Amino acid sequence: MKELETDSGAKPLDFIRQIIAQDQKDGKHPAPTTRFPPEPNGFLHIGHAKSICLNFGIAREYGGRCHLRFDDTNPSKEETKYVDSIKADVQWLGFNWQEHLYFASDYFDRLYEFAEQLIRINKAYVCDLSADEIRRHRGTLTEAGTDSPNRDRSIEENLALFRRMRDGDFPDGSRVLRAKIDMASPVILMRDPVLYRILRADHHRTGNKWCIYPMYDFTHCLSDMLENITHSLCTLEFQDNRSLYDWVLETLETPCHPRQIEFARLNMTYTVMSKRKLLQLVEEGFVEGWDDPRMLTISGLRRRGYTPKSIRSFCEQIGIGKKESWIDMSVLENAVREDLNETAPRVMGVLDPLKVIIDNYPEGLVEELVAQNHPQKPELGIRSVPFSRELYIERDDFMAEPPRKFFRLGPGREVRLRYGYLITCVSFDQDESSGMVTAVHCTYDPDTKGGNAPDGRKVKGTIHWVSAPHALSCTVNLYDRLFTVEHPDADKDVDFKVHINRDSRIKKENCMVEPSLAGAEPATRLQFERQGYFSVDSAQSLPGKPVFNRIVTLRDSWAKIEKGA
RNA sequence: UGGGGUGUAGCCAAGUGGCUAAGGCACCGGGUUUUGAUCCCGGCAUUCGUAGGUUCGAGUCCUACCGCCCCAGCCA
């Protein structure tokens, strides 16, 4: 895979990479420095993967570096367990911050000094208004705000007050430090924004050293500056914040001034992306945790069986822009198929077993048949699968009264057992009361071992199977999309949870798979032929007793025909 | 109604005034195939939110209008 081909036009650059390439060409910086700045208050999801791939990808492509910086300025929400999981997820995705691991909290001392400096140049003041009063003074979208009564405090008084805030002389919420900008600004964020608040909470890194904490807008730009970030990439909702980002750095006359560029966050169909909604799914038991294989969290995707490469490839495919957009879930699904088609060994597994008895096959005889692990990749080798008189096939592969286009088993019809023999259905047994087919009787053609008829007759259908006495019985989770509608949270008046797909996980208990799978290691990815890609669940599998997760089905054009008919 | 963004196919997305508007997903045909998979070939925007204007020439420039998103946390 070529990374990028700047001039050949092989792959057009997104608007951010165009800026970066131009800046590099102009000699603004020898190489870009970016950063991925998560707040450690939750788990990463596919939307974060887009940002990670962008920031770390740019660093890799342009010979720069990307910092991992935790934006931990709100101790009431942040925890160490999140920093650990975020680090693990970034690494799993295939990126490396090397020695550039930072925490905004590492800058608290310097941030405090910058705040005092702002006070000294009369650009910040301590405000005694309550949160509610501040809100009322802020004005509205169309009306200017009004000045705080404390706006004209002397520098000395502000300094003294701010120090007392730091020293714990005032209760939580009683005072804040505000930037002195313009209460009439059309940009509401610029109406004397709060820079520091009093908050007595145990910080996951600084403990109780501080009882005042800087706000995002004050922290982020200065952290970027301190790390010599060249391009500070963030999502669209921070566009207004750029005014304040620039104001802080300009007012403080900092030696460097990173450029903030905003791009559209990722939205996907058939899911929800907000931390709040994901949390709701977990807490209300709709899924079994943050790493539930149906969750589009990085840990959920990992457990489902998605490969890091497929997620990176997905992020490449969707592009970077400034337009609010919804990516089809099928694009993600296609990305794993594409990767796994290349790499996943093929095996046979029957999800819904139906017994087949080959009437003319000698009782007690067992043959070892040769199967390829990947039809297009002989280098993946071969394996042997046992064959005997009694087999399991997929219940869907038999119909008592099949339509003409059904290329599988039915009375009088001949099919090929993959890597086995051609068999013809002679009869079937049925449960009298339910009408359910309980077994199918066939005869085999002994001259067709391996699947080809010496007389050259063509058999259209090939089905998978497992020898009944040799089969390994196991549990398979058939995962599907978590929601039944494209935009579960589109309607604000309807709870998004009413759209949950009740069949998003179907737990199949007695699936029959090839005996060789008894030794499959957790996280192994396989293709069950004609079914889909599956992975060995790392949480539920036991030695010799694997549990499989369906990652994604194979494309199924028969399903379409069936639906249309 | 203030400010900031954004509109190219069903969904993404190239296009940076000049040959017939890239590419991917989805979809529809056809071929190969011991996975109804993969793979391969072909189709899929007389038109770029709308209306005017500038120009020999406009998706690209100008004007107006329309739609959608974000901003009134001591969250990030």
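Values below: all heavy atoms of this structure, side chains included; hydrogens, waters and symmetry mates excluded. Reminder, nothing fancy here: chain letters follow the sequence lines and each chain counts from 1. This is a predicted model, so every value here is computed, not measured.
A parallel orientation is assigned to the rings of A/F162 and A/Y112, their planes being inclined by less than 30° (bins at 30° and 60°). Between A/W465 and A/F387, the angle of the ring planes goes over 60°, which puts this pair in the perpendicular group of the 30/60° scheme.
One can place CG of A/N341 at 16 Å from C1' of B/C25, the figure rounded to the nearest angstrom. For the pair A/I181 CD1 and B/G3 C1', the computed distance is 15 Å after rounding to whole Å. Distance A/Y270 OH to B/A26 C1': 11 Å, rounded to the nearest Å. Taking atom CG of residue A/D339 and atom C1' of nucleotide B/C25, one finds them 17 Å apart after rounding to whole Å. Regarding A/N267, its CG atom lies at a distance of 14 Å from the C1' atom of B/U6, rounded to whole Å. Nucleotide B/U35 holds its C1' atom 13 Å from the CD atom of A/E514, rounded to whole Å. For the pair A/Q376 CD and B/A37 C1', the interatomic distance rounds to 9 Å; values are reported in whole Å. Between the CD atom of A/E338 and the C1' atom of B/C25 there is a distance of 10 Å, rounded to whole Å.
Using a 4.0 Å heavy-atom distance criterion, A/R337 is classed as making no nucleic acid contact. Within the 4.0 angstrom heavy-atom criterion, no nucleotide atom of any strand lies near A/F263.
Across the C1' atoms, B/A72 and B/G2 are found 11 Å apart, a figure rounded to whole Å. Annotation: B/A14 and B/C48 have their C1' atoms spaced 13 Å apart (nearest Å). When the P atom is compared between B/U16 and B/U60, the two are found 12 Å apart, to the nearest whole Å. Nucleotides B/G30 and B/C62 are separated by 49 Å at their C1' atoms, to the nearest Å. For the P atoms, the distance from B/G23 to B/C40 is 15 Å, rounded to whole Å. Comparing the same atom, P, in B/A9 and in B/U47 gives a spacing of 13 Å after rounding to whole Å. B/C74 and B/U8 are spaced 36 Å apart, taking the P atom of each and rounding to whole Å. For the P atom pair drawn from B/G36 and B/U32, the interatomic distance equals 16 Å after rounding to whole Å.
Ion pairing of A/D14 with A/R17 is present here, as a side-chain N (NZ or NE/NH1/NH2) and a carboxylate O approach within less than 4.0 Å. Taking a cutoff of 4.0 Å between a charged side-chain nitrogen and a carboxylate oxygen, A/D556 and A/K560 do not qualify as a salt bridge. Under a 4.0 Å N-O distance rule, the pair A/R383/A/E514 qualifies as a salt bridge. Under 4.0 Å is where a charged nitrogen must lie from a carboxylate oxygen, and between A/E227 and A/R35 no such pair does. No salt bridge links A/D339 with A/R525; every basic N to acidic carboxylate O contact stays at or beyond 4.0 Å.
Ring pair A/H220/A/F238: centre-to-centre distance not below 6.0 Å. Between A/F43 and A/Y82, a ring centre-to-centre spacing shorter than 6.0 Å is recorded.
Between the side chain of A/R242 and the base of B/G4 there is no donor-acceptor pair of N/O atoms closer than 3.5 Å.
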Under a 4.0 Å heavy-atom criterion, the protein footprint on nucleotides 70-76 of chain B, written with B, S and -, is SBBSBSB

Letter per nucleotide, 5' to 3', of nucleotides 11-18 of chain B [B base touched, S only sugar-phosphate touched, - untouched; heavy atoms, 4.0 Å]: SSSSSB--

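With sequence neighbours excluded, the residues satisfying side-chain contact (heavy atoms from CB on, under 4.5 Å) with A/Q24 are A/A31, A/P32, A/Y62. Not a single ring pair (Phe, Tyr, Trp, His ring centres under 6.0 Å) links A/Y107 to another residue, sequence neighbours left out. In this structure A/F170 satisfies the ring pair (Phe, Tyr, Trp, His ring centres under 6.0 Å) test with no other residue, sequence neighbours excluded. Checked against ring pair (Phe, Tyr, Trp, His ring centres under 6.0 Å), A/F528 has the following partners two or more places apart in sequence or in another chain: A/F534, A/F548. The side-chain contact (heavy atoms from CB on, under 4.5 Å) check on A/C211 picks up A/R200, with sequence neighbours excluded. Scored by the ring pair (Phe, Tyr, Trp, His ring centres under 6.0 Å) test, A/H464 finds no partners at all (sequence neighbours excluded). Legend: residues meeting side-chain contact (heavy atoms from CB on, under 4.5 Å) with A/V370, ordered by chain and number and at least two apart, are A/I382.
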Toss me the dot-bracket line for RNA chain B: Watson-Crick and G-U wobble, both under 3.5 Å, 5' to 3', using | for pairs to another strand and [ ] for crossers. .(((((((.[[[..)..(....]]].(((((.......))))).....[[[[[..)....]]]]])))))).....

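Among the nucleotides B/U35, B/G5, B/G3, the one closest to the side chain of A/Q527 is B/U35.
Closest non-hydrogen pair, A/L236 versus A/K322, comes out as CD2-O, 3.3 Å.
Against RNA chain B, the stretch residues 416-424 of chain A makes heavy-atom approaches under 4.0 Å through A/R416, A/R418, A/Y419.
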Considering only nitrogen or oxygen atoms on both sides, find all protein atoms under 3.5 Å from nucleotides 27-33 of chain B and state each distance.
residue : atom : partner : partner atom : Å
B/C27   : OP1  : A/K560  : NZ           : 3.1

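Other residues, nucleotides and ligands contribute over 12 non-hydrogen atoms within 6.0 Å of the CZ atom of A/R166.
The glycosidic torsion of B/G43 lies more than 90° away from 0, placing the base in the anti range.
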